[in-house]
A.B. asks: 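Below are the structure tokens for one structure; questions will follow.
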Amino acid sequence: DKFERLFELFDEKASEKHPVFQAAKIAEETGEAINLVFKLVGFRRESYDVEEIKKKLSEELADIVITTFTCAKVCGVDLWKAVERKLDVEIKRWENFEPNLR
């Protein structure tokens, strides 16, 4: 319900609703999350407060989900149905996966 309320507000008040803009926003949020993951695992040369990085990362990951939902709505895609279908596919794939333990 909160997703739908957010989209109602977005639809009413946002000036830019073009699908390409929405897709670019997903990429932007994803880039921010990747940078934080790099910091979390030590791929940056500076030192960081791990708990602060985790907090920021959780916010960026939430932004990715919210932005993806908004993009789906703008494009007329039922994201939740797609997620359900993909979950079934991925669960089956992992159930059938045999790791190569050489």
A.B. asks: Does one hydrophobic cluster hold both Val37 and Val50, with members joined at side-chain heavy-atom distances below 4.5 Å?
C.D. replies: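 Yes: a chain of side-chain contacts under 4.5 Å links Val37 to Val50.
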A.B. asks: Between Ile66 and Val83, is there shared hydrophobic-cluster membership here, with clusters defined by ILVMFWY side-chain heavy atoms closer than 4.5 Å?
C.D. replies: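 Yes, one cluster joins them.
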A.B. asks: Give the cluster check for Ile26 versus Val77: same hydrophobic cluster or not, with ILVMFWY residues linked at side-chain heavy-atom distances below 4.5 Å.
C.D. replies: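 No: no chain of side-chain contacts under 4.5 Å links Ile26 to Val77.
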A.B. asks: Should Arg93 and Glu90 be marked as a salt bridge (Lys or Arg N to Asp or Glu O under 4.0 Å) after you check the CA-CA gap, both sets of side-chain angles, and the distance that decides it?
C.D. replies: CA-CA 5 Å; Arg93 192 179 122 224; Glu90 290 299 313; 2.6 Å; yes
A.B. asks: Could you tell me which non-hydrogen atom of Arg44 sits nearest to which non-hydrogen atom of Asn35, and how far apart they are?
C.D. replies: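 So the two residues come closest at NH2-OD1, 2.6 Å.
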A.B. asks: Does anything in residues 39-61 form a ring pair (Phe, Tyr, Trp, His ring centres under 6.0 Å)? List the pairs, not counting sequence neighbours.
C.D. replies: Phe38-Phe43
A.B. asks: Which pair of heavy atoms, one from Val74 and one from Lys17, lies closest together, and at what distance?
C.D. replies: CG1-O, 2.8 Å
A.B. asks: Do you know which two heavy atoms are closest between Thr67 and Gln22, and how far apart they sit?
C.D. replies: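 Closest approach of Thr67 to Gln22, heavy atoms only: CG2-O, 4.0 Å.
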A.B. asks: Tell me if a side-chain donor or acceptor on Asn96 pairs with a main-chain N or O of Lys92 at a distance below 3.5 Å.
C.D. replies: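 At least one qualifying donor-acceptor pair exists.
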A.B. asks: According to the ring pair (Phe, Tyr, Trp, His ring centres under 6.0 Å) rule, which pairs have a member within residues 60-98, sequence neighbours left out?
C.D. replies: Phe3-Phe69, Phe3-Trp80, Phe69-Trp80, Trp94-Phe97
A.B. asks: If the condition is salt bridge (charged side-chain N to carboxylate O under 4.0 Å, His left out), which residues does Glu4 pass it with, not counting sequence neighbours?
C.D. replies: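 Here the qualifying residues are Lys73.
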A.B. asks: Looking at every non-hydrogen atom in both residues, tell me the closest pair between Cys71 and Pro19 and how far apart they are.
C.D. replies: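 Looking at all heavy atoms of both residues, the closest pair is SG-O, 4.3 Å.
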A.B. asks: Taking the basic N atoms (NZ, or NE/NH1/NH2) and the acidic carboxylate oxygens, is any pair closer than 4.0 Å for Lys56 and Glu59?
C.D. replies: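 Salt bridge: no.
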A.B. asks: For Phe21, what residues pass the side chain to side chain contact (heavy atoms under 4.5 Å, CB included) criterion, not counting sequence neighbours?
C.D. replies: Glu16, His18, Lys25
A.B. asks: What distance separates Glu51 CD from Leu40 CG, expressed to the nearest 0.5 Å?
C.D. replies: 9.0 Å
A.B. asks: Side chain to side chain contact (heavy atoms under 4.5 Å, CB included) with Ala33: which residues, sequence neighbours excluded?
C.D. replies: Leu57, Glu60, Leu61, Ile64
A.B. asks: Return the NZ to NZ distance between Lys54 and Lys39, rounded to the nearest 0.5 Å.
C.D. replies: 16.0 Å
A.B. asks: Once side chain to side chain contact (heavy atoms under 4.5 Å, CB included) is applied, do any residues pair with Arg5, and if so which ones, sequence neighbours excluded?
C.D. replies: Glu8, Leu9
